[in-house]
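Some notes on the structure that comes next.
Nothing fancy with the numbering, it's 1 onward along the sequence. Remember, it's a predicted structure, so these values are computed and weren't measured experimentally.
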Amino acid sequence: YTPEIPFWPQLPKRDAREAMVAQASEGLPFIKIKDKELIFDDEDKEKKLEIFYDKVINKDIDYFKISEDFACGLWSFYRRLDKVSLENIRFIKCQLCGPFTFAASVNDNEGKVILHDKILLQVVLKGLAEKALWQINLFKKFNKPIIFFFDEPYLGCFGSAYTPINREDVVSGLTELTQEIKSENVLVGVHCCGNTDWSIFTDIKTIDIISFDAFSFLDKEAKPSVASNASISFKRLIDFFTVVKFVKSPPTQRWLIKNTPARIASCVITSWACFLVPTKRIFLPREAKSFTKSRALFKASAVFSKSMI
């Protein structure tokens, strides 16, 4: 529940085109949806590449828009912002599937993921950058700073046999992508709900926010990695988030801010975990039982950003 940072919802159960990867596929060459599945089609490859890069070079970001068929929540959110008061809103949050998760989810005609094709991976990086710029351009009319997240669940398995990709490629790709959209009025975030090498993200200067499942990972694998880069990541967050103060926040958020040094607490955001969404019943959190409360507070003391999707 983040009333000061509203965001548009993704609704994959409404339509297969709203699934995270499919939602980002419009305008990208070789990829189409058939029978609710992503299909790779490299017919007229050279022609498709020529059209694609012509749009990129000429900054035709409308070519890369996300239509209402692919993101009903985005357009409903946009129309809602047009009708309500934005006085208490500090940021508007947008998101998009990250390039490595996208490229690892699409197979070519030989059954190989396009992640390992340098030409196609570059197409994905350029295409997603344009789609991100389109979203930013769409919402800038509301004159609010924008937080833009790239969701990279695939990198949760980084370093295992299931993710045969080297660190340099990930850092280089995400750096190129985030540099494209980084500006004074845009904060760039990356979300990974599994465990990974967190220094991948802290080493990229154009990433302002790292979002992860702190309840499951920070006190175990993630903590040493984040701690070793704390002066970088916390400093970058503190620069932007000292101005953010939540008027209404759940008990763990209030406890965290009360019992954490001010310069760290000022950059903390806690939010819904992956796949955990509000229902139509809106209510304040109930008081936790003593054991549950003490465990939750212990976990919360290590958090600096929880899953934000």
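Looking only at side-chain heavy atoms (C-beta outward), D151 and C97 stay at 4.5 Å or farther from each other. Contact of the I181 side chain with the V188 side chain is registered, since non-hydrogen atoms from C-beta on lie closer than 4.5 Å.
Here the closest heavy-atom approach between residue L28 and residue G127 is recorded as CD1-CA, 4.2 Å. Shown here for L11 and E18, the closest heavy-atom pair between the two residues is N-OE1, 3.2 Å. Between L187 and F91 the shortest heavy-atom distance is CD1-CE2, 3.8 Å. Of all the heavy atoms in S211 and F149, the pair that sits closest is CB-CE2, 3.4 Å. Contact between G98 and L128 at its shortest, heavy atoms only, is C-CD1, 3.8 Å. Considering every non-hydrogen atom in both G27 and Y63, the closest pair reads O-CE2, 3.5 Å.
Within the 3.5 Å criterion, the main-chain N or O of V186 finds a donor-acceptor partner in the side chain of K182. Between the side chain of D44 and the main chain of K47, no donor-acceptor pair closer than 3.5 Å is present. Listed for the Q95 side chain is a donor-acceptor partner under 3.5 Å among the backbone atoms of W8. For T101 (side chain) and Y154 (main-chain N/O), a donor-acceptor pair under 3.5 Å exists by modelled atom type. In this structure, the side chain of W75 engages the main chain of I66 through a donor-acceptor pair within 3.5 Å. Between the side chain of N166 and the backbone N or O of D169, at least one donor-acceptor pair lies under 3.5 Å. Proximity of a side-chain donor or acceptor of D208 to a complementary backbone N or O of G189 within less than 3.5 Å is not detected. Judged purely by atom type and a 3.5 angstrom limit, N58 has no side-chain atom pairing as donor or acceptor with the backbone of D60.
Within a 6.0 Å sphere centred on CZ of R80, heavy atoms belonging to other residues, nucleotides or ligands number 12 at most. Counting heavy-atom neighbours within 6.0 Å of K144 NZ, excluding the residue itself, gives a total above 12.
No salt bridge links K48 with E43; every basic N to acidic carboxylate O contact stays at or beyond 4.0 Å. A salt bridge links E130 and K59; the closest N-O separation between the charged side-chain nitrogens and carboxylate oxygens is under 4.0 Å.
Note that CD of Q179 and CG of L174 are 11.0 Å apart. Values are rounded to the nearest 0.5 Å. Considering NZ of K126 and CG of L177, their distance stands at 9.5 Å, rounded to 0.5 Å. Annotation: the span from L138 atom CG to C94 atom SG amounts to 8.0 Å, rounded to 0.5 Å. In this structure, CG in D108 is found 11.0 Å from CD1 in I31, a value given to the nearest 0.5 Å. Here the straight-line distance linking atom CG of L81 with atom CD1 of I92 works out to 5.0 Å at 0.5 Å rounding. Here the straight-line distance linking atom OG1 of T202 with atom NZ of K205 works out to 12.0 Å at 0.5 Å rounding.
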Margin query: Under the criterion side-chain contact (heavy atoms from CB on, under 4.5 Å), I'd like the reasoning laid out for D197 against R167: C-alpha separation, chi angles, the key distance, then a yes or no.
Written below: CA-CA 9 Å; D197 175 1; R167 186 181 187 281; 3.3 Å; yes

Next item on the list: Could you check L38 against I33 for side-chain contact (heavy atoms from CB on, under 4.5 Å), going step by step and ending with a plain yes or no?
Entry: CA-CA 5 Å; L38 283 175; I33 296 179; 3.7 Å; yes

Note to self: Between I136 and W134, is the side-chain contact (heavy atoms from CB on, under 4.5 Å) condition met? List the steps.
What the structure shows: CA-CA 5 Å; I136 292 168; W134 173 82; over 6 Å; no

Next item on the list: Test side-chain contact (heavy atoms from CB on, under 4.5 Å) on Y53 and V123 and set out the steps.
Entry: CA-CA 9 Å; Y53 277 107; V123 166; 3.9 Å; yes

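Between F52 and F64, the gap from one ring centroid to the other is short of 6.0 Å. When ring centroids are compared, F139 and F148 stay outside the 6.0 Å threshold.
One hydrophobic cluster, built from ILVMFWY side chains closer than 4.5 Å, cannot hold both M20 and F7; they sit in different ones. Neither I39 nor V106 shares a network with the other; the hydrophobic side chains, linked directly or stepwise wherever heavy atoms of I, L, V, M, F, W or Y lie under 4.5 Å apart, form separate groups for each. Taking hydrophobic clusters as Ile, Leu, Val, Met, Phe, Trp and Tyr residues chained together by side-chain heavy-atom distances below 4.5 Å, L74 shares a cluster with V84.
Residues satisfying the side chain to side chain contact (heavy atoms under 4.5 Å, CB included) test with K141, not counting sequence neighbours, are Y78, D82. Scored by the side chain to side chain contact (heavy atoms under 4.5 Å, CB included) test, V190 finds E152, F201, I207 as partners (sequence neighbours excluded).
No donor-acceptor contact under 3.5 angstrom links the side chains of R17 and S67, judged on distance only.
Among pairs with a residue in residues 13-38, those fulfilling ring pair (Phe, Tyr, Trp, His ring centres under 6.0 Å) read F30-F40, at least two apart in sequence or across chains.
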